[in-house]
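Just so it is clear, the model here is predicted, and its values are computed rather than measured.
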Amino acid sequence: MWSHEYTGETASAPEAVWAVLRDLDGWARWDGSMEVVSLLGPFEVGSRVSMTPKGQEPIVSVITAIEENALYADRTEFGGVELRFSHALSPLAGGGTRVVHRLEISGPAADEIAPELGPAITEDFPEAMAALFAYAAGDTGTGA
């Protein structure tokens, strides 16, 4: 198994960060690696999410965990690997939120594919988290 974590902190409350994360249809507004993200059904464990990374074909993920204001996770399977993404939120003493964005790659082809695929996927985690925090703080880049 291959794994990578990126941790960031923001002054925004967990509820504000959660509001941005749970709006899956809006992810492409702040996650620069995505062209389109669409929730296919209700926001609940077991629902599917269609994600189109920039310059690629759509992939379909399944929501595997939801804990209000605390955790969002999904799983994507393709080509002999399973990608498990999670965003874990925890309140900071004195206010704010810590977010841990994690990717785990496993499966029969993981040893062969993960050393190249993992870093390619996770290289934008810092930028994506900064944009997530900006949206949570109300800075959508629209001047509003």
Spell out, as yes or no, whether a donor-acceptor pair under 3.5 Å connects the side chain of [X] to the backbone of [Y].
X: Ser47; Y: Pro42; value: yes
X: Glu35; Y: Gly55; value: yes
X: Ser12; Y: Val17; value: no

Considering all heavy atoms, the nearest [X]-[Y] contact:
X: Ile105; Y: Ala114; result: CG2-CB, 3.8 Å
X: Gly79; Y: Ala109; result: O-CB, 3.6 Å
X: Thr10; Y: Leu92; result: O-CD1, 4.2 Å
X: Asp124; Y: Ser33; result: OD2-CB, 3.1 Å
X: Thr97; Y: Pro14; result: OG1-N, 2.8 Å
X: Ala131; Y: Trp30; result: CB-O, 3.0 Å

Non-hydrogen side-chain atoms of [X] and [Y] separated by less than 4.5 Å:
X: Ile121; Y: Phe85; result: yes
X: Trp27; Y: Val20; result: no
X: Ser61; Y: Arg48; result: no
X: Tyr6; Y: Pro126; result: yes

Leu24-Leu71 co-clustered via ILVMFWY side chain contacts under 4.5 Å = no
Single-linkage hydrophobic cluster Val81~Val60, side-chain heavy atoms < 4.5 angstrom = no
Interatomic distance, [X] atom [atom1] to [Y] atom [atom2] [nearest 0.5 angstrom]:
X: Met34; Y: Lys54; atom1: CE; atom2: NZ; answer: 10.0 Å
X: Asp74; Y: Leu83; atom1: CG; atom2: CG; answer: 9.0 Å
X: Leu89; Y: Glu15; atom1: CG; atom2: CD; answer: 9.5 Å
X: Asp31; Y: Met129; atom1: CG; atom2: CE; answer: 11.0 Å
X: Gln56; Y: Met51; atom1: CD; atom2: CE; answer: 12.5 Å
X: Glu112; Y: Leu117; atom1: CD; atom2: CG; answer: 11.5 Å

Might you work through the ring-ring contact (aromatic ring centres under 6.0 Å, His included) test for His101 and Phe125, ending with a clear yes or no?
-> CA-CA 8 Å; His101 188 185; Phe125 276 18; 3.7 Å; yes
Run the numbers on Trp2 and Leu103 for side chain to side chain contact (heavy atoms under 4.5 Å, CB included), then give the verdict.
-> CA-CA 8 Å; Trp2 185 94; Leu103 169 61; 3.9 Å; yes
Atom CD of Glu68 with >12 non-hydrogen neighbours under 6.0 angstrom | yes
Should the heavy atoms of other residues, nucleotides or ligands under 6.0 Å from CD of Glu116 be counted, would the total exceed 12?
-> no
Identified side-chain contact (heavy atoms from CB on, under 4.5 Å) counterpart of Val49 within the set Val62, Leu40, Val37, Asp25 = Val37
Between Thr64 and Arg84, does a side chain to side chain contact (heavy atoms under 4.5 Å, CB included) hold up when you go through it step by step?
-> CA-CA 9 Å; Thr64 58; Arg84 290 186 169 270; 4.2 Å; yes
Kindly determine whether Thr7 and Val99 satisfy side chain to side chain contact (heavy atoms under 4.5 Å, CB included), including the steps that lead there.
-> CA-CA 6 Å; Thr7 301; Val99 176; over 6 Å; no
Could Arg29 and Asp23 be called an ion pair, given the rule that one side-chain N must be under 4.0 Å from one carboxylate O?
-> yes
Residues Glu5 and Arg102 bridged, charged N to O under 4.0 Å = yes
Determine, step by step, whether Arg98 and Glu9 satisfy the salt bridge (charged side-chain N to carboxylate O under 4.0 Å, His left out) criterion, reporting the C-alpha distance in whole Å, the side-chain angles of both residues, the deciding distance to 0.1 Å, and the verdict.
-> CA-CA 4 Å; Arg98 174 177 292 121; Glu9 296 182 353; 2.5 Å; yes
Using 30° and 60° as the class limits, which term best fits the ring planes of Trp18 and Phe43: parallel, tilted or perpendicular?
-> perpendicular
